[in-house]
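Following: one structure in structure tokens, then a few remarks.
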Amino acid sequence: MPERTDFKRYSDAHAMFIMGFGKLGEALLKEVGDDLQQAMELMNSYRGKYLDQKAFVRNISREASHLDQSTAKTNDDSAVQDVFSSGKFLFVEVDGLIHVFERNRSF
């Protein structure tokens, strides 16, 4: 049986956010300490879902390589670590997939 969200612990606005975005919304709120404003801003900068962080790095490397051939590090584990530790992106795992959000400088 799927997990059920206990909406009683959330404000109406938080509950609406979770109802709108499901498990991803709930996981994102948890990740940002229930800061609804930050969760909404992050949702607006959603970069997609991937099997793992390497798949995301390969994707952004392909995008970057269209602009600059010198940036195409597609299978480099250090590139994954660089992206993960840069703080530019927030990674949230839901149902075995990695969901990626681009952080704004205001966070």
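Positions are given from 1, in the same order as the sequence printed here.
Contact detail for Gly96 and Glu93: the closest heavy-atom pair is CA-OE2, 3.8 Å. Considering all non-hydrogen atoms of both residues, Glu31 and Val92 come closest at CG-CG2, 4.2 Å. Taking both residues in full, the closest heavy atoms of Ala39 and Leu29 are given as CB-CD2, 3.7 Å, listed atom of the first, atom of the second, then distance. Minimum interatomic distance between Phe89 and Arg103 (heavy atoms only, all atoms of both residues): O-NE, 3.7 Å. The two residues Asp52 and Arg58 have their closest heavy-atom pair at OD1-NH2, 4.5 Å.
To the nearest 0.5 Å, atom CG of residue Leu97 and atom CG of residue Leu51 are 6.5 Å apart. Atom CD of Glu102 sits about 12.5 Å away from atom CG of Asn44, to the nearest 0.5 Å. The CG atom of Asp34 sits 9.5 Å away from atom CD of Glu26, with the distance rounded to the nearest 0.5 Å.
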Item to check | CA sep, side-chain torsions, deciding dist, call: Leu28, Leu90, side chain to side chain contact (heavy atoms under 4.5 Å, CB included) | outcome: CA-CA 9 Å; Leu28 184 58; Leu90 175 66; 3.7 Å; yes
Checklist entry - Run the side chain to side chain contact (heavy atoms under 4.5 Å, CB included) check on Leu24 and Met43 step by step: do they pass? => result CA-CA 10 Å; Leu24 180 57; Met43 199 58 82; 4.2 Å; yes
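Listed by first and then second residue, the ring pair (Phe, Tyr, Trp, His ring centres under 6.0 Å) pairs that reach into residues 23-52 are Tyr46-His99, Tyr46-Phe101, Tyr50-Phe56, sequence neighbours excluded.
Note on Leu36 and Val32: same hydrophobic cluster, where clusters join Ile, Leu, Val, Met, Phe, Trp and Tyr whose side-chain heavy atoms are under 4.5 Å apart, directly or indirectly.
In this structure Asp95 satisfies the side-chain hydrogen bond (donor to acceptor under 3.5 Å, both in side chains) test together with Lys23, sequence neighbours excluded.
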